[in-house]
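What follows is a set of notes on a single structure, which appears directly below.
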Amino acid sequence: MDEKFLKPYSPKETEDNIYKLWEESGFFNPDVCIKEGITDKDARPFSIVLPPPNVTGRLHLGHAFEDALQDAFVRFARMRGKKTLWIPGTDSAAIATQARVEKEIYKKEKKTRHDLGREEIVSRVEKFAKENEETMLNQIKKMGASLDWSRYAYTLDEKRNAAVSEAFVQMYDAGLIYRGNRIINWDPKGQTTISDDEVVHEERDGMFFTFRYWKDFPIPISTSRPETKVGDTAVAVNPEDKRYKEFVGKTFTGEFAGTTLSIRIVADDVVDKEFGTGAVGVTPAHSHTDWEIADRHDLPRPQVINEYAKMNETAGSLVGGLKTLEAREKIIEWLRENTLLEKEEKIKQNISLSERTGGIVEPLPKLQWFVNVNKPFKIPHSKISGIKAGEEITLKELMHKAVSEGNIEILPARFEKSYNHWIDNLHDWCISRQIWFGHRIPAWHKSKGATEEIHVGINAPEESGWSQEEDVLDTWFSSALWTFSTLGWPEETDDLKTYHPTTLMLPGYEILFLWVSRMVLMSGFHLGELPFKNVILHGIVRDRQGRKFSKSLGNGIDPLEIIEKYGADALRMGLIVGAAPGNDVKFDEQKIKGYKHFTNKIWNISRFVLENTKDVNMDAEYVKEDRVIRERFDVVLKEVTKDIERYRLDLAAETLYHYTWHTFADTILEHSKAIFEDEPENVESRKKLLISILADLLKLLHPFMPFITEEVWSLLPRKDSELLMVSKWPE
RNA sequence: GGGCGAUUAGCUCAGUUGGCUAGAGCGUCCGGUUUACACCCGGAAGGUCGCAGGUUCAAGCCCUGCAUCGCCCACCA
């Protein structure tokens with residue numbers, strides 16, 4: 001008997017050694033598995049890319065959860081003989097990372113990015129990213145993740161950079177990327193544009209004011225943002241509204257709060273007759289809706305608020321130069337003095353905030369780069385059913401068909417509905433950011449007298465005088481290429497041919513729009529292919545009270561802390577059991593503790609079996625009772641296999657827990673004691689039974705609890721493979 | 001405003017196309033056990049399956065309405 005068995009199982013003394021053993025074997029890399037004859041070279045491929053965590057800090061339990069789920073699927077696939085590849089990577093996360101570092105710098109040194117300059121900021125952010133990267137990779141390894149580290153990718157490494165530039169240029173050439181002056185979401189705090197999906201809403205108390213621009217203006221209007229009214233160029237009313245019909249088409253000019261306004265009355269369907277006064281003061285430059293109204297009626301769009309959320313000169317003498325909130329007070333005061341204010345009421349209103357910086361988003365017109373989601377283009381080749389090569393299609397249609405034609409299956413299926421709804425409401429995607437950390441846009445500027453020439457290409461044109469675009473790309477632009485940029489695209493690598501489309505994608509449901517849908521877009525456009533076949537969305541790991549883990553609540557838990565106390569196997573089991581696809585999970589340390597007990601149970605079961613089966617004869621015939629027990633186990637085995645196949649790891653894990661503890665240990669092992677004591681004629685059969693079930697149980701448990709199962713496996717006197725990790729899944 | 005989810009034992013959750021005398025883990029209570037394991041074993045208590053209707057031989061599961069909590073989306077200024 002190995003002396004290890006004399007003590008309770010110790011994850012701390014085991015896990016690191018086991019991980020080293022795996023890494024040294026090289027079997028995380030499918031090429032090695034094929035070379036060593038473990039995987040058939042014609043085996044079906046199975047591939048997953050790790051959703052690359054942002055290099056903004058340490059990993060949290062949500063990452064641990066995601067890693068546990070993926071690793072279970074990966075190990076299962078590998079044991080079933082698939083050509084199995086799981087690609088690791090990290091994401092530079094442009095704005096999130098830069099915002100973190102800037103905040104830190106400001107706190108410590110009271111310096112802004114403009115004090116330090118582009119080069120210094122980028123170098124500091126890179127240093128920060130590098131440190132986090134190291135921490136994160138260590139955390140991932142501690143979880144037992146069987147990732148092929150030889151294929152590690154970082155969104156800002158050389159190959160991924162090349163892929164990003166290539167993707168941009170190709171889309172530009174296809175007319176799907178354009179530069180245009182349009183209304184965007186401006187984050188005054190982060191001093192950058194952000195996409196619609198990076199805006200979060202928060203309900204706050206606000207005031208709703210009803211007034212007229214001047215005394216004899218015919219229509220009263222209502223607003224919650226009086227300060228923007230100095231930028232109004234129209235009043236929109238519903239075409240059916242009898243009250244205002246006579247004014248439509250007329251223009252009124254007058255003095256309003258220190259400026260002169262020329263207001264045209266227009267009729268537009270978006271206006272709700274019943275709401276407010278049934279008339280909208282249109283501020284084209286500072287409201288998305290109003291911008292669109294201006295589009296339809298060809299209205300002027302004066303900008304009255306600048307990038308610092310201050311009123312500019314165009315705003316007029318009363319409020320010019322003031323902060324927006326000061327301007328609001330000032331205008332209300334002015335309205336009162338001039339007895340123009342007809343009504344003020346308290347309302348609840350949604351305000352828009354930048355997800356990353358918390359700054360209040362100010363809609364502004366700006367010259368930016370966009371991806372056009374509504375422009376038809378000819379798709380050169382297509383392996384997507386429902387889309388023919390050479391067909392004219394828009395990116396929106398492409399994203400729709402990818403799912404609706406059954407090409408991609410989303411689990412739980414209910415998320416398909418929100419995916420489709422998101423696409424229906426999708427506007428052109430603003431991809432340029434006014435920050436410094438990220439992929440610089442492959443566009444080049446050269447001034448020619450008063451005008452500017454632009455060249456889009458990987459490299460600057462030969463002649464002198466060209467300088468690269470200052471803006472960087474939205475981080476999701478590069479993430480969207482991830483399934484194929486990690487496989488070597490734009491080169492036509494063997495990896496790309498073998499492993500793309502990937503088999504599974506396991507992101508959290510919160511990035512269905514930000515990431516999943518955009519991977520579909522990019523993969524569809526660049527490869528005429530889907531990025532993956534199945535998407536399994538997992539929920540959020542919450543604390544015991546159901547709250548999100550967050551810095552401000554101070555309830556964060558480092559997975560390493562839990563691994564230190566209970567072991568990675570226990571953490572993995574605790575996260576997987578009870579976590580149905582798409583459901584949030586509550587994290588309870590007691591639960592993890594329970595699974596630590598389970599690891600010890602496995603340990604003791606193994607000790608008992610090995611102690612009592614030293615002289616086992618594997619050619620023995622089962623007696624009837626044992627045959628029945630083995631058959632019942634085979635039923636469990638099939639059930640577990642089926643559950644994993646239909647992506648219900650939670651059920652498979654629970655079934656295994658229950659069988660191992662309450663059937664194998666409590667019933668079969670206990671009864672074996674009596675057999676060894678009193679039934680010599682049944683002993684030989686029973687010994688074979690115990691060792692055979694134990695060996696198979698270790699295999700079944702391996703995807704969930706890889707460390708302890710591998711450790712026990714190493715102590716088995718006879719086995720069909722040196723490492724459990726590459727043993728054959730029992731059928 | 002639109003959409004989605006949850007509501008089952010004290011807690012966390014299963015319950016797959018309706019067949020359930022409704023399950024598991026943890027917790028609680030009672031008893032036991034020292035050569036596999038106290039990180040243990042045996043046993044018990046504990047539920048009108050959110051509420052109200054309906055379909056059906058049969059409903060936790062299907063239909064309708066309602067309530068509470070939560071999430072997502074949205075151009076009610």
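Every chain is numbered from 1, with letters handed out A, B, ... down the list of sequences.
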If I compare all heavy atoms of [X] with all of [Y], which pair ends up nearest, and what's the gap?
X: A:Arg212; Y: A:Leu335; value: O-CD2, 4.1 Å
X: A:Pro239; Y: A:Ala267; value: CA-CB, 3.9 Å
X: A:His286; Y: A:Val304; value: NE2-N, 3.0 Å
X: A:Leu656; Y: A:Leu701; value: CB-CD2, 3.8 Å
X: A:Thr277; Y: A:Pro220; value: OG1-O, 2.7 Å
X: A:Ile332; Y: A:Pro226; value: CG1-CG, 4.1 Å

Qualifying residues under side-chain hydrogen bond (donor to acceptor under 3.5 Å, both in side chains), relative to A:Thr233, sequence neighbours excluded: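 side-chain hydrogen bond (donor to acceptor under 3.5 Å, both in side chains) check on A:Thr233 returns nothing, list empty.
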side-chain hydrogen bond (donor to acceptor under 3.5 Å, both in side chains) involving A:Asp298 - partner list, sequence neighbours excluded: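 Not a single residue meets the side-chain hydrogen bond (donor to acceptor under 3.5 Å, both in side chains) criterion with A:Asp298.
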Does this structure show an ion pair linking A:Lys548 with A:Glu510, if we count only N-O contacts that are shorter than 4.0 Å? no
Are the charged groups of A:Glu679 and A:Arg686 less than 4.0 angstrom apart, N to O?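 Between A:Arg686 and A:Glu679 there is no salt bridge, as every charged N stays at least 4.0 Å from the carboxylate O atoms.
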Only Watson-Crick and G-U wobble pairs, only distances under 3.5 Å, only runs of 3 or more: what stems does that leave for RNA chain B?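 Ordered by first number, the stems with RNA chain B (at least 3 consecutive pairs each) read B:1-7 with B:67-73, B:10-13 with B:23-26, B:28-32 with B:40-44, B:50-54 with B:62-66.
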Rounded distance in Å between the [atom1] positions of [N] and [M]:
N: B:U21; M: B:C37; atom1: C1'; value: 35 Å
N: B:G3; M: B:A45; atom1: P; value: 46 Å
N: B:G43; M: B:G25; atom1: P; value: 12 Å
N: B:C20; M: B:A58; atom1: C1'; value: 11 Å
N: B:C13; M: B:A22; atom1: P; value: 23 Å
N: B:G23; M: B:A44; atom1: P; value: 13 Å
N: B:G5; M: B:A77; atom1: C1'; value: 31 Å
N: B:G19; M: B:C63; atom1: P; value: 15 Å

With a cut-off of under 6.0 Å to the ring centre and 45° to the axis, is A:Arg182 in cation-pi contact with A:Trp291?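 Cation-pi check for A:Arg182 and A:Trp291: fails.
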Using atom [atom1] of [X] as one end and atom [atom2] of [N] as the other, report the distance to the nearest whole Å.
X: A:Arg542; N: B:A6; atom1: CZ; atom2: C1'; answer: 12 Å
X: A:Phe608; N: B:U35; atom1: CZ; atom2: C1'; answer: 11 Å
X: A:Leu694; N: B:A36; atom1: CG; atom2: P; answer: 16 Å
X: A:Phe513; N: B:C4; atom1: CZ; atom2: C1'; answer: 10 Å
X: A:Leu537; N: B:C72; atom1: CG; atom2: C1'; answer: 13 Å
X: A:Glu639; N: B:A24; atom1: CD; atom2: C1'; answer: 13 Å
X: A:Glu203; N: B:C71; atom1: CD; atom2: P; answer: 12 Å
X: A:Asp424; N: B:C73; atom1: CG; atom2: P; answer: 15 Å

With nearest nucleotide decided by heavy atoms, which residue, A:Tyr657 or A:Arg414, maps closer to the 5′ end of RNA chain B?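 Looking at RNA chain B, the more 5' nearest nucleotide goes with A:Arg414.
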Does A:Tyr509 reach a base, just sugar-phosphate, or nothing at all? Heavy atoms under 4.0 Å.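 Answer is nothing: A:Tyr509 stays at 4.0 Å or more from every strand.
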When we call it a touch if two heavy atoms are under 4.0 Å apart, what does A:Leu651 touch: a base, just sugar-phosphate, or nothing?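 Sugar-phosphate contact only - A:Leu651 comes under 4.0 Å of backbone atoms but never of a base.
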Collect all protein-nucleotide pairs involving nucleotides 75-77 of chain B in which both atoms are nitrogen or oxygen and the distance is under 3.5 Å.
unit_1	atom_1	unit_2	atom_2	d
B:C75	O4'	A:Thr289	OG1	2.7
B:C75	O2'	A:Thr289	OG1	3.1
B:A77	N6	A:Asp272	O	2.8
B:A77	N6	A:Phe275	O	2.8
B:A77	N1	A:Asp272	N	3.3

Quick one: side-chain hydrogen bond (donor to acceptor under 3.5 Å, both in side chains) pairs with a partner in residues 579-589 of chain A, sequence neighbours left out?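 Every pair satisfying side-chain hydrogen bond (donor to acceptor under 3.5 Å, both in side chains) with a residue in residues 579-589 of chain A: A:Tyr509-A:Asp584, A:Arg542-A:Asp584, A:Lys565-A:Glu589, A:Tyr566-A:Glu589.
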Report all side-chain donor-acceptor pairs from residues 514-521 of chain A shorter than 3.5 Å, counting only partners two or more places apart or in another chain.
unit_1	atom_1	unit_2	atom_2	d
A:Trp515	NE1	A:Ser479	O	2.8
A:Ser517	OG	A:Phe513	O	2.5
A:Arg518	NH2	A:Asp197	OD2	2.8

For A:Lys346, give me all partners under salt bridge (charged side-chain N to carboxylate O under 4.0 Å, His left out), at least two apart in sequence or on another chain.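 Applying salt bridge (charged side-chain N to carboxylate O under 4.0 Å, His left out) to A:Lys346 gives none.
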Are A:Thr324 and A:Ile305 close enough that some pair of their side-chain heavy atoms sits under 4.5 Å apart? yes
Would the number of heavy atoms belonging to other residues, nucleotides or ligands and lying under 6.0 Å from NZ of A:Lys719 be above 12? yes
Grab the N/O contacts between the protein and nucleotides 7-13 of chain B below 3.5 Å, and write none if there aren't any.
unit_1	atom_1	unit_2	atom_2	d
B:U12	OP1	A:Lys586	NZ	3.3

What protein N or O atoms touch nucleotides 39-45 of chain B N or O atoms at under 3.5 angstrom, if any, and at what distances?
unit_1	atom_1	unit_2	atom_2	d
B:C39	O4'	A:His597	NE2	3.0
B:C39	O2	A:Lys596	O	3.4
B:C40	O3'	A:Lys601	NZ	3.2
B:C41	OP1	A:Lys601	NZ	3.2
B:C41	OP1	A:Trp661	NE1	2.3
B:C41	OP1	A:Asp666	OD1	3.2

Under 4.0 Å, heavy atom to any atom of RNA chain B: which of residues 415-423 of chain A qualify?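 Under 4.0 Å from RNA chain B: A:Lys417, A:His421.
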Selection residues 265-293 of chain A - residue pairs positive for salt bridge (Lys or Arg N to Asp or Glu O under 4.0 Å), sequence neighbours left out: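 Those involving residues 265-293 of chain A are A:Asp268-A:Arg296.
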With sequence neighbours excluded, residues passing side-chain contact (heavy atoms from CB on, under 4.5 Å) with A:Ala257: A:Val230, A:Leu318, A:Ile331, A:Trp334
